[in-house]
Amino acid sequence: MIGLYQSSLAENSTQPLWMGLLNSDHSLLQISCTILGYRPMYYQFYSTNSLPVALSENFTAHRDKFVTIIQKAGFNALVDYRENWLGGSGGLEYSEYGTAQRNVLISGVASLSGTALKLDCK
């Protein structure tokens with residue numbers, strides 16, 4: 001679970017305090033916040049014939065982009081965060097520097113979703 005912590009630096013910031021991608025809203029019970037607004041948010045991307053390491057890096061980059069979109073819209077947290085993947089893998093055999101190599105190629109679509117909250121926290 002992502003820790004929720006307000007520091008004096010965050011309170012002086014012009015950007016809303018980012019509390020994270022949360023699986024549930026139970027962690028918000030630990031602090032005193034009023035919900036000023038909410039909106040369902042959804043983001044998707046696809047990957048074609050990616051090696052596992054490249055797909056992992058691509059996924060991280062898209063998740064970071066999703067967070068940026070949420071923050072720019074003025075929201076502080078995303079609750080009920082879900083990651084869904086629909087895809088599959090296939091074998092890959094190739095030669096590199098005269099040596100036979102084997103790896104897996106993965107293709108599919110990912111969707112990231114949740115409910116963005118605009119909060120006023122004491």
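In this text, all values refer to a predicted model and were calculated from it rather than measured experimentally. One-based numbering along the sequence shown.
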Sequence neighbours excluded and cut-off under 3.5 Å, please list the side-chain donor-acceptor pairs for residues 58-67, or say none.
| residue | atom | partner | partner atom | Å |
| --- | --- | --- | --- | --- |
| Asn58 | OD1 | His62 | NE2 | 3.1 |
| Thr60 | OG1 | Ser56 | O | 3.1 |
| His62 | ND1 | Tyr43 | OH | 2.7 |

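Contact detail for Phe75 and Ala116: the closest heavy-atom pair is CG-CB, 3.5 Å.
Sorted by first and then second residue, the salt bridge (Lys or Arg N to Asp or Glu O under 4.0 Å) pairs with a member in residues 99-118 read Glu93-Arg102; sequence neighbours excluded.
Partners of Asn49 by side-chain hydrogen bond (donor to acceptor under 3.5 Å, both in side chains), not counting sequence neighbours, listed by chain and number: Ser107. With sequence neighbours excluded, no residue forms a side chain to side chain contact (heavy atoms under 4.5 Å, CB included) with Ala54. Take Arg82 and apply the salt bridge (charged side-chain N to carboxylate O under 4.0 Å, His left out) test, not counting sequence neighbours, and it matches Asp80. Among residues two or more places apart in sequence or in another chain, the side-chain hydrogen bond (donor to acceptor under 3.5 Å, both in side chains) test is passed with Gln44 by Tyr42.
Rounded to the nearest 0.5 Å, atoms CG (Leu86) and OG (Ser111) are 9.0 Å apart. Annotation: the span from Leu105 atom CG to Ser50 atom OG amounts to 8.0 Å, rounded to 0.5 Å.
Residues Leu117 and Asn76 fail the side-chain proximity criterion, which asks for heavy atoms closer than 4.5 Å. A 4.5 Å side-chain heavy-atom check between Pro52 and Asn103 finds at least one atom pair inside the cut-off. Counting heavy atoms from C-beta on, the side chains of Tyr81 and Thr115 never come closer than 4.5 Å.
Cluster annotation: Leu17 and Leu36 are assigned to distinct hydrophobic clusters (Ile/Leu/Val/Met/Phe/Trp/Tyr, side-chain heavy-atom contacts under 4.5 Å, transitive). Residues Leu22 and Tyr38 are members of one and the same hydrophobic cluster, defined by side-chain heavy-atom contacts under 4.5 angstrom among Ile, Leu, Val, Met, Phe, Trp and Tyr.
Grouped with Ile106 in one hydrophobic cluster are Leu55, Trp85, Val104, the linkage being side-chain heavy-atom contacts under 4.5 Å among Ile, Leu, Val, Met, Phe, Trp and Tyr residues.
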